[in-house]
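Just so you know, these numbers come straight off a predicted model, no measurement behind them. Lettering of chains follows the sequences in order, A, B, ..., and the numbering in each one begins at 1.
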Amino acid sequence: MTRSRRVVFVSMVVVAIGVTAALSALFLDPARAAVGPLPAEGLVLPADARFVMGVDVKRLTSSTLYKQQRSMRPDSFRDLEAKTGVNPERDVDTLLVAGGSKDQGLALFVGTFDRPRLARIIETEKKGQVTWKDVQGTTVYLFREGEKGAGAAAFLDDRRVVVGSAAAVEAAVAANAQGGAGLKGNAAITGLLERVKPGSTFWMVGDQTLLANLPKSVPMGGNDSTMTLPALRSLVVSGDLDPVVSVAITGDAADEPGARNLADVVRGLVAILSMQGNQKPELKQLASAVSVTTEASRVQVNARIPYELIEALSPQRAATTQPLTTPPTK
Amino acid sequence: MRDASRPLPFLAGARGVFDLTLEGMVWSRRSFMMAVLLGLPVVFGLIYRFALVARVPAKLTGFDLYGVIVAVYYVRNVLPLAALFYATSLIADEVDGKTLTYLLTRPLRRESILAGKFAAYVVTTLVLTLPATVITFFLLVTARGFAGTGAAVPDLFRDLGAITLTLVSYGALFTLLGVLLRRPVIPGLLFLFVWELVANLPGYLPRFTLTAWLRSVVRHRPAQEGLSDLFGQVLPLGESLAVLAIVTAGLLALSFWIFARREYVMEQ
């Protein structure tokens, strides 16, 4: 074997070992079932969901913006921790929400929970308001059973809690018992999930059935004139909070002219925002932070908003700057 | 006995040239330089895994860094550069060294000479790149533990394919420049670092670059600044693969056609 052949052989061996290890990881790692940003644990979400959204809570709470904006933290977090020991900022890793169809709203919390303690609190403190039943080996807690808008909750395992309508929670429990392939049965949503930018702090996908409920036109000034909006077939939103707040929205229109039309509508709104810049320069900056592009029947809206701009636009800041602009009293 | 007046069959000739070229190409100063350049991510992976991982915020995962290495370092910068330096020299080096005459006077079809050399280029660059990619993947993705590695594996396979496609398609382009021009490196550099910037513009212009199609094959989308962030487009995967296949085949066919007909005059 010549020297060069030896190099080729060694290189092939390294690649073969790597590929074998990768294949082993692929077939042995439970995360293989994940779809786009949705972890395998989230596949219990209902198959007939019209939209799915997710928040990477760890990324959100570790972001500079979240740390800066202490007001974003609800007071109820403190009460919740005092009562149950659950600190959402510390204990929840991911929040997933699915819904759209009637009585199918469901939120799935993935994280670390003290399951026996939480179960005890539900069973004792909510006495009279809560009943529970066994669904395929899992306890489902029903709140205000039989009333309109009754809710339910269940622990799928030590890391997952589902909260939502009774029907949705029971469907999630059943999907979990059968191997957790609920959402995989929804080809439209899983197809959209594959398009979400990996590693996004927050994301949302919605299919045609959800978007059919959106308004078909928007009012344009006086004289009862309206602008017809082209129909959207799907929507994919993803965003990050570091180093700036960035949001990417991709909408699929029915065809190329529809996409151009929709892009023009968005550009028009951005232009209106820009014109307001004479009174409020921050709005001009906001308008310049938004870009709109089209590609075939797809419209892409990107926004990258620096923290300073958010601060300038926030009402608190406006309140603090108000005394500076008010004329001095005589 | 073989009729010595007739050239060797295409495959036998190409294989002979492949063996000869591979021997000279793998053990060369150029390959040493390229091995250093293509192996840098492995060094970075080792530093990250053993020194940096505890200091980097958890939100920046090893997989994110691996994505930046594949999408930005390899596909956009180093692999086109490797293709430029290897593929333009396939014929140009023989002309400069005045050794092309020895090849052309052998009973070989000209097409088989170029095919053998191009195959040797592809094998040499893949030998340097693929192990580095696989090692970098495991160093970075498993830096904080093995959980979630399986979910990243499809991206590894896709990246290995994208890397191969990058080397083959840029290789085809620079082989054409090599058979066409006496000094192909400067036009090649201009193509890479001037023309390919068009990929960051809005509209249909990016479709006239190779990099826009290649970037669309890779799934990693690292955060960017400036024009590329504002207008960066992701073209449909199927269309990207089809365009790259057609363009590569076209460029190679043109290279073979030109090389088979061109009269090379050696300077004395």
Side-chain angles (χ1 to χ4, degrees), chain A residues 2-19 21-36 39-40 56 58-63 194-195 197-199 201 238 240-244 246 248 250 289-296 298 300 302 304, chain B residues 19 21-28 31 35 57-61 63-64 67 120 123-124 126-138 141-142 146-157 160 202-204 206 219-225 229-236 239:
Chain A
T2 61
R3 284 192 310 169
S4 56
R5 296 264 171 181
R6 217 173 300 144
V7 172
V8 174
F9 178 72
V10 170
S11 167
M12 278 170 62
V13 168
V14 172
V15 174
I17 291 171
V19 167
L23 284 173
S24 310
L26 181 66
F27 290 108
L28 296 177
D29 190 341
R32 71 183 189 276
V35 184
D56 185 333
K58 285 281 174 270
R59 274 180 193 249
L60 172 74
T61 53
S62 64
S63 69
E194 295 282 5
R195 284 170 43 192
K197 184 183 155 196
T201 305
S238 64
D240 276 306
L241 298 180
D242 269 328
V244 295
S246 57
T250 307
V290 180
S291 69
V292 186
T293 52
T294 56
E295 186 215 326
R298 203 170 277 179
Q300 176 101 30
N302 283 307
R304 285 175 68 83
Chain B
D19 288 339
T21 311
L22 190 70
E23 196 62 33
M25 205 179 257
V26 171
W27 293 98
S28 64
S31 289
K59 65 192 171 195
L60 185 66
T61 64
F63 184 68
D64 293 336
V123 170
T124 305
L126 288 180
V127 156
L128 298 175
T129 315
L130 296 189
T133 310
V134 171
I135 294 170
T136 308
F137 172 82
F138 280 104
V141 174
T142 62
F146 287 85
T149 307
V153 166
D155 281 307
L156 170 69
F157 293 146
L160 295 180
Y204 273 77
R219 228 170 73 90
H220 311 285
R221 309 267 175 263
Q224 303 171 97
E225 296 292 337
D229 177 54
L230 280 176
F231 304 118
Q233 295 184 31
V234 180
L235 304 167
E239 202 181 320

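Interface residue Val26(B): only side-chain heavy atoms are found under 4.5 Å from chain A. Both the backbone and the side chain of Leu130(B) have a heavy atom closer than 4.5 Å to some heavy atom of chain A. Neither the backbone nor the side chain of Phe137(B) comes within contact range of chain A, judged by heavy atoms closer than 4.5 Å. For Val19(A), the parts sitting under 4.5 Å from any heavy atom of chain B are the backbone and the side chain alike.
Note on Ala22(A), Gly18(A), Ala16(A): by heavy-atom pairs under 4.5 Å with chain B, the leading option is Ala22(A). Among Ile17(A), Val15(A), Val10(A), Asp240(A), the residue making the largest number of heavy-atom pairs under 4.5 Å with chain B is Val15(A). Comparing Val134(B), Val127(B), Thr124(B) by how many heavy-atom pairs each has under 4.5 Å with chain A, the most go to Val127(B).
Here the CG-OG1 distance, from Asn302(A) to Thr250(A), works out to 7.5 Å after rounding to the nearest 0.5 Å.
Listed for the Ser62(A) side chain is a donor-acceptor partner under 3.5 Å among the backbone atoms of Arg59(A).
When all heavy atoms of Ala248(A) and Gln300(A) are compared, the pair lying nearest together is CB-NE2, 3.9 Å.
With sequence neighbours excluded, the residues satisfying side-chain hydrogen bond (donor to acceptor under 3.5 Å, both in side chains) with Glu23(B) are Thr2(A), Ser4(A). For Arg6(A), the salt bridge (charged side-chain N to carboxylate O under 4.0 Å, His left out) criterion is met by no residue, not counting sequence neighbours.
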Run Asp56(A) and Thr201(A) through side chain to side chain donor-acceptor pair (under 3.5 Å) and show every step you take. CA-CA 5 Å; Asp56(A) 185 333; Thr201(A) 305; over 6 Å; no
